[in-house]
Structures are given as structure tokens and as C-alpha cells.
2 protein chains.
Amino acid sequence: MNRNKIINEFKDAIRSENLKVTAQRLHILQNLMDNPNHRECEEIFQDLLQKGTIVSRATIYRTLDLAVKHGFARKMDIGEGKARYENRINETHHDHMVCTQCGKITEFVNNDIERIQREICSAKNYQLIKHSHQLFVICNECQSN
Amino acid sequence: MNRNKIINEFKDAIRSENLKVTAQRLHILQNLMDNPNHRECEEIFQDLLQKGTIVSRATIYRTLDLAVKHGFARKMDIGEGKARYENRINETHHDHMVCTQCGKITEFVNNDIERIQREICSAKNYQLIKHSHQLFVICNECQSN
DNA sequence: AATTACTTGAGAATCATTCTCAAAATAATT
DNA sequence: AATTATTTTGAGAATGATTCTCAAGTAATT
């Protein structure tokens, strides 16, 4: 299925850089693919640990960088002073809404916003490289508490 | 003029919390008001130092927090792993474009984006608290280099 | 001027992340 | 399968921004 295909693509990406396919790298990628959340390094570390796989945090960071570089993961920053990572299975571009009470992250996309961003840049002769857009909210559940 | 009025408002804000008006707090606020840039703590520290005023970094952080709390400053995070601060003289809400080459920061506002953000939230019954929106660009000047 | 309460600065602490380097593992070659 | 060359890993140190601690200093009040 799809997951194994992705793992193989990751192996190819590793080899394409003349790097080595290691058990640690595969564990990390698999763990990332099996989890839809937006997790920080520590959460991935603990999740692997609980499943009996010990991989150092340094290796997790290094492997996530590699995954990001090759399009398998996305690194995001919601202003917490630390990075979160999500897999890119079924990738469609999206931004995030973050509940300031419970931390829940919801994705959103809006084509008008995407277009306007491009217009703002071209009006100034700036070349748009990427953007970072988060809405900080109180989610429906937290409002009723 | 306007600057002195703001300084007086800051003094009032300090007193309103039963805190003390100190030379360090005033120096920091004045320095912030006299500079239109989006600066990190260290830049403010160095600028004060160069003008012959030594204030510890801890005090700069503490005072900027106070200024933010009372609406005299805005704290921003453009994903550098550190905060930047701008004054709120002539405050109008805006977001930022950051040149990935030279670091130049340009402000932008777009009412359609502001409205759409609210619509996205209300469609989910989320209450929008604030947002963070940056466009990472190559600015006109950097393109011609 | 005395009292009380808050502020300051120095340096330690914190926290996420990166770096260093020796030991271990992989890949390529025999 | 053994050898070799190269890369990877993990432990812990290093880094860098920011916060914390606490003794000494200062502002406000009486």
C-alpha cells in the first residue's frame, strides 16, 4: 500500500544523496507516516520509545531535516519556540488554526488568500517564496467549557 | 509633541499597576519610540549602549513585556528563534513581508484577507483571537543583485 | 529620613536545537 | 565472508534566546 511506497521513495531519496539507509531513519519516517498529528521532536521521541524503539533526539532532528528536504515532511512554527512536524501524505497546501486553550490544530485553505498574497507581492515587485499563516482561536469545544 | 505624550502614557500605565517609574524603563521606551525598526532585544541593548545607557538584557525583556501588555509595543516572531519588537506609534494593524536574502521587513495590510480570516473562523464556530501572517520574499533590491 | 515594596543586574537556569567525536553500522569491494 | 571506506549514531557538551533568582539598590509613601 501507499505507506510502503512512501518508505521506498524515502530510501531512494537517501540513496540519491549517497547516504545510508539505516534502521533509525526508517523508524522515524514510518512513525511520521503513521501519525497525522503536528508533533514536536519530543513527542516523536516518546512515541518511538513507547513502541520499544530508542532513537536519540539528535537523530530525530537530523532525519526530520532530511525528510523535509525531500518533501516527506513539513516543518512548522506556531510561535511556541519549537518546531512541529507533519507528514505530507495526501499533501495539499494548507495553513493552520491553533486553539490557544487546548492546543488543537486545525488545517485550513483559502484560495482567495493565496491569490491575494501573490498580488500583494507582485504589486511591490517582490518574489513570493513561501508564507507562514496561523489563526489563533478558541475552538468550538473550548468555548463551551 | 507626540513622543512625550506617549512617554507620559507609559508612566501612567506603570503607575496603574503600582509599579515604579524608573530610569531604565523610560530609556527603553524612549529608545523604542525613536526607532521604527523591528528589532530584537540585542539590537535595542546595543543601541542603548552606544548612546551611553547601560541596561541589562533582562530588564529590556521585562520592560518590553510591560510595553506590549499596555499596547506600546508589538512583539513579533518571524521564525528566527527570537522575538522582535516594534513600537505602535501611528498604529494600524499590519502584517509583515520578510526578505529571505537581506532580512528587510516591509509591512502590508489587506482588508480582504482580514475579512476572510474571520469568515474561516466563524464557519467553524471558532473565535478568532489573533493571527500571525508573514510572506517570505525576495525583495525588489535583492532580485537585481 | 524612615519604611515598605518594587526593580535591577549578574549570573545561573532553562529549553530547544545543534555540534563534536569516538564507537558502531552500512555499503562497496575483494 | 572479510576488508575497507565512509557514513551514522548517541552521549553529552555547546549554543543562543529568554527567564529566573536573589542580594543590593531605588522609588514612593509616610
Side-chain angles (χ1 to χ4, degrees), chain A residues 7-8 10-32 38-49 52-70 73-85 103, chain B residues 7-8 10-32 38-49 52-70 73-85 103:
Chain A
I7 300 299
N8 282 326
F10 185 58
K11 289 183 184 174
D12 289 343
I14 291 172
R15 294 190 189 105
S16 76
E17 289 208 51
N18 292 317
L19 301 179
K20 292 175 179 176
V21 174
T22 65
Q24 288 91 332
R25 286 179 174 155
L26 296 180
H27 277 128
I28 293 165
L29 218 280
Q30 286 164 3
N31 187 283
L32 187 71
H38 306 77
R39 293 179 297 167
E40 52 182 285
C41 173
E42 187 62 23
E43 289 174 303
I44 297 170
F45 176 82
Q46 294 297 341
D47 191 33
L48 283 166
L49 189 62
T53 306
I54 298 175
V55 183
S56 72
R57 293 172 182 81
T59 296
I60 294 175
Y61 279 114
R62 290 185 282 231
T63 303
L64 288 171
D65 281 351
L66 188 61
V68 167
K69 180 175 180 187
H70 288 274
R74 178 172 168 194
K75 184 176 183 173
M76 50 183 284
D77 173 4
I78 56 174
E80 297 170 301
K82 62 191 167 192
R84 290 182 177 270
Y85 300 85
Chain B
I7 300 300
N8 282 326
F10 185 58
K11 289 182 184 175
D12 289 343
I14 291 173
R15 293 190 189 106
S16 76
E17 289 207 51
N18 292 314
L19 301 180
K20 292 174 179 175
V21 174
T22 64
Q24 289 91 332
R25 285 180 174 154
L26 296 180
H27 276 128
I28 293 164
L29 217 280
Q30 286 165 2
N31 187 282
L32 187 71
H38 306 77
R39 293 178 299 166
E40 52 182 284
C41 173
E42 187 62 23
E43 290 174 302
I44 296 170
F45 176 82
Q46 293 298 339
D47 191 33
L48 284 166
L49 189 61
T53 306
I54 298 176
V55 183
S56 73
R57 293 172 182 80
T59 296
I60 294 176
Y61 279 115
R62 289 186 282 230
T63 302
L64 288 171
D65 281 351
L66 188 61
V68 167
K69 180 175 180 187
H70 288 274
R74 178 172 169 196
K75 184 176 183 174
M76 49 182 284
D77 173 3
I78 55 174
E80 298 170 302
K82 62 189 166 193
R84 289 181 177 271
Y85 300 84

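Quick note on labels: first sequence line is chain A, next is B, and so on, each numbered from 1. Values below: all heavy atoms of this structure, side chains included; hydrogens, waters and symmetry mates excluded.
In the set D:dT19, D:dT9, C:dT17, D:dT9 carries the atom at the smallest distance from any side-chain atom of A:Thr59. In the set D:dT21, C:dA16, C:dT20, the nucleotide with an atom closest to the side chain of B:Arg62 is D:dT21.
None of B:Thr63, B:Asn31, B:Ile7 except one satisfies the side-chain contact (heavy atoms from CB on, under 4.5 Å) rule with B:Leu26; the exception is B:Ile7.
Residue A:Gln24 has a polar side-chain atom (N or O) positioned under 4.0 Å from OP1 or OP2 of D:dG10. OP1 or OP2 of C:dA10 has not a single side-chain nitrogen or oxygen of B:Ser56 nearer than 4.0 Å. For the OP1/OP2 pair of C:dT18 and a distance below 4.0 Å, the side-chain nitrogens and oxygens of A:Tyr61 include no atom meeting the criterion. For A:Arg57, no side-chain nitrogen or oxygen approaches OP1 or OP2 of C:dT18 to under 4.0 Å. Contact annotation: B:Thr22 does not reach the phosphate of C:dT7 (side-chain N/O to OP1 or OP2, under 4.0 Å).
Here the side chains of B:Leu66 and B:Leu19 are in contact, with some heavy-atom distance below 4.5 Å. Counting only heavy atoms from C-beta outward, the side chains of B:Glu40 and B:Glu43 approach each other to under 4.5 Å.
Within 4.0 Å of B:Ala83, counting heavy atoms only, lie sugar-phosphate atoms of the nucleic acid but no base atom.
Taking atom CD1 of residue A:Ile60 and atom P of nucleotide D:dG10, one finds them 9 Å apart after rounding to whole Å. In this structure, B:Leu26 atom CG and C:dT7 atom P are separated by 13 Å, rounded to whole Å. Put simply, CZ on A:Arg25 is 6 Å from C1' on D:dT8, counting in whole angstrom units. A straight line from CE of A:Met76 to P of C:dA16 spans 16 Å, rounded to a whole angstrom. Atom CD1 of A:Ile14 is separated from atom C1' of D:dT7 by 12 Å (rounded to the nearest Å). Atom CD in B:Glu43 sits about 14 Å away from atom C1' in D:dA17, given to the nearest Å. Rounding to whole angstrom units, CG of residue B:Leu66 and P of C:dT8 are separated by 10 Å. Protein atom NZ of A:Lys75 is 9 Å distant from nucleotide atom C1' of C:dT17, rounded to whole Å.
Between A:Asp12 and A:Arg15, at least one side-chain nitrogen of the basic residue sits less than 4.0 Å from a carboxylate oxygen of the acidic one, meeting the salt-bridge criterion.
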>> Please determine whether salt bridge (Lys or Arg N to Asp or Glu O under 4.0 Å) holds for the pair B:Lys82 and B:Glu42, giving the CA-CA distance in whole Å, both sets of side-chain angles, and the decisive distance to 0.1 Å.
In response: CA-CA 10 Å; B:Lys82 62 189 166 193; B:Glu42 187 62 23; over 6 Å; no

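In this structure, B:Ala23 and B:Gly81 both approach DNA chain D, and ranking their closest nucleotides by distance from the 5' end singles out B:Gly81.
Judged by distance alone with a 3.5 Å cut-off, a donor-acceptor contact links the side chain of A:Lys20 to the base of D:dT6.
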